[in-house]
**Student:** 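Starting off with a structure, shown below.
None of these values were measured; they are calculated from a predicted model. The analysis underlying the following values was restricted to heavy atoms, covering all of them including side chains, and did not include hydrogens, waters or symmetry mates.
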Amino acid sequence: MPAELYPFAGNGRGWMVGLVDHINSGLLTDDGLVRMPDLDGRTGRYGADAVSISDDGR
């Protein structure tokens with residue numbers, strides 16, 4: 001698990017969602033860590049946090 005990810009939740013595939021560098025929401029999968037866009041399409045500092053993830057990632 002990357003040190004910059006502070007995880008909030010995980011699923012049966014081992015994927016995790018949480019905060020990246022305490023600013024951006026992120027998704028960690030087998031392919032790596034992805035910073036997710038905020039609700040307005042930008043990244044970071046707008047308060048949109050991923051707090052759960054389903055088993056299929058949707």
**Student:** Kindly compute the distance separating CZ (Arg13) from CG (Asp56), expressed to the nearest 0.5 Å.
**Tutor:**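 Between atom CZ of Arg13 and atom CG of Asp56 there are 6.5 Å.
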**Student:** Return the minimal non-hydrogen interatomic distance between Ser25 and Ala50, and the atom names on each side.
**Tutor:**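 Nearest heavy atoms, Ser25 then Ala50: OG-N, 3.3 Å.
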**Student:** Using modelled atom types only, decide if a donor and an acceptor are shared between the side chain of Asp21 and the backbone of Asn24 within a distance under 3.5 Å.
**Tutor:** no
**Student:** Please check: side-chain N/O of Arg35 versus main-chain N/O of Val20, any donor-acceptor pairing under 3.5 Å?
**Tutor:**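 Flag not set: sc Arg35 to bb Val20 has no pair under 3.5 Å.
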**Student:** Quick one: closest heavy-atom pair of Leu28 and Pro2, and the distance?
**Tutor:** CD2-CD, 3.6 Å
**Student:** About how many Å separate CE of Met16 and CG of Leu33, when rounded to the nearest 0.5 Å?
**Tutor:**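 Interatomic distance, Leu33 CG to Met16 CE, rounded to 0.5 Å: 11.0 Å.
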**Student:** Any chain of hydrophobic side-chain contacts (each under 4.5 Å) joining Val17 to Trp15?
**Tutor:**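 Same cluster: Val17 reaches Trp15 through Ile, Leu, Val, Met, Phe, Trp or Tyr contacts under 4.5 Å.
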**Student:** Is the side chain of Asp55 donor-acceptor paired with the backbone N or O of Gly12 at a distance under 3.5 Å, no angle test?
**Tutor:**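 Looks like yes, one N/O pair under 3.5 Å.
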**Student:** Taking it one step at a time, do Ile53 and Leu27 satisfy side chain to side chain contact (heavy atoms under 4.5 Å, CB included)?
**Tutor:** CA-CA 9 Å; Ile53 184 169; Leu27 169 66; 3.5 Å; yes
